[in-house]
Amino acid sequence: MTSSAPTVALVGATGAAGSTVLRVLEDRRFPLRELRTLASPRSVGSTVTFRGEELPVAVVEASRLHGCDIVFFAAGSATSKEYAPLVAAGGGVAVDKSSYFRMDPAVPLVVPEVNGERVREHRGIIANPNCVAIPLAVALAPLHRAFGLRHLTVATYQAASGAGRNLVAELAVQEQDDAAGRVPSNDFYPHVLHRNVIPGGWRMYGDDTEEEVKVTQEVRRLLELPELGVGITTVRVPVAVAHAAAVWVELETDADPATARRILESAPGVRVLDDPATQAYPTPREVAGSDEVHIGRIRRDPSREHGLALFVVADNLRKGAATNAVQVAELVLEGRR
Ligand code: A2P
């Protein structure tokens with residue numbers, strides 16, 4: 001990799017997460033010599049807006065990745081599987097949002113606030129964790145360091161955009177149908193999401209959703225707690241952007257809520273909003289568009305020893321995907337100076 005501004009490609013530039021990568025690159029003034037915006041043949045002829053310009057979208061193919069210093073992948077596992085190794089072989093770095101490489105021991109799984117030093121171990125591919133695993137790790141790492149994490153229970157409230165722009169579009173149509181008194185239909189998701197709460201929609205692994213398996217495995221890997229007991233139910237809710245999670249932890253030592261709050265307030269990437277008496281706690285509507293992990297409702301869980309409960313909300317497209325990927329790329333660039 002050269003030391004001047006990098007040549008960058010974005011695979012999946014037209015998607016929910018990919019288009020957010022464009023916004024985050026703008027917001028963080030990411031240094032660029034060239035940006036190649038790539039997607040599938042369906043997008044040929046379309047453009048995306050970046051720094052006030054219309055950039056044409058080209059089909060991802062090996063020749064277009066050639067010479068890239070950094071390639072962001074936000075187009076699903078099959079595309080990452082095929083092209084990320086080519087980027088690595090060519091001397092570039094693939095920052096992959098898909099789940100394909102996340103549990104590969106040869107590929108670092110990185111959240112900069114939690115284990116940013118792992119970036120240095122890359123061999124051309126770095127995995128970006130799942131959009132629930134990232135905020136959980138950001139919230140739990142400081143508590144684990146201070147008190148020791150013994151057990152984790154999670155119930156999620158996940159936004160439609162986590163399933164991609166198709167579900168966001170389907171939800172919007174269902175909202176119009178309900179408002180007009182028409183019976184909403186669903187093509188993309190297994191149930192109508194509008195006015196609903198759905199504890200599924202992911203592929204199943206036995207009795208668990210793929211999402212439950214991913215979050216469990218990735219949180220264990222990020223916190224370096226391979227044996228951590230995790231109970232989790234993942235649920236889709238009719239929200240466009242920002243995932244929420246009700247979280248209960250059992251700690252090794254007693255953590256009074258005031259101390260836990262203070263620790264979280266000074267933790268990197270965290271914003272605490274916790275005054276329920278004045279209805280102050282994070283909600284997806286207010287958190288959407290921000291880069292921090294927001295935490296509220298920090299209180300004792302008296303049902304278990306050293307138990308603490310909290311409510312965690314993060315923008316799944318930004319910190320849950322794009323922001324984390326761009327932060328990882330910034331660490332890669334820092335490392336080559
Ligand atoms: P396209 O717009 O051409 O279909 P989302 O997660 O919001 O559904 O977006 C998925 C992103 O991944 C889109 O940018 C989509 O491009 C892209 N994509 C999906 N399949 C492929 C593929 N086989 N090759 C390249 N890009 C793909």
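We're numbering straight along the sequence, starting at 1. Whatever order the structure lists them in is the order used to number ligands and atoms, beginning at 1.
Shown here are the salt bridge (Lys or Arg N to Asp or Glu O under 4.0 Å) partners of Arg150, two or more places apart in sequence or in another chain: Glu250, Glu252, Glu305.
Side-chain atoms of Ser161 and Asn316 include a donor-acceptor pair closer than 3.5 Å. Between the side chains of His194 and Asp178, a donor-acceptor pair is found at a separation under 3.5 Å. In the model, Thr209 has no side-chain atom that pairs as donor or acceptor with a side-chain atom of Arg203 under 3.5 Å.
Without hydrogens or angle criteria, Arg221 side chain to Arg102 main chain gives a donor-acceptor distance under 3.5 Å.
Under 4.0 Å from any atom of ligand 1, one finds heavy atoms of residues Gly12, Ala13, Thr14, Gly15, Ala16, Ala39, Ser40, Arg42, Ser43, Val60, Ala74, Ala75, Thr79, Gly164, Arg165.
Taking 4.5 Å as the limit, every side-chain heavy atom of His66 sits out of range of all side-chain heavy atoms of Val87.
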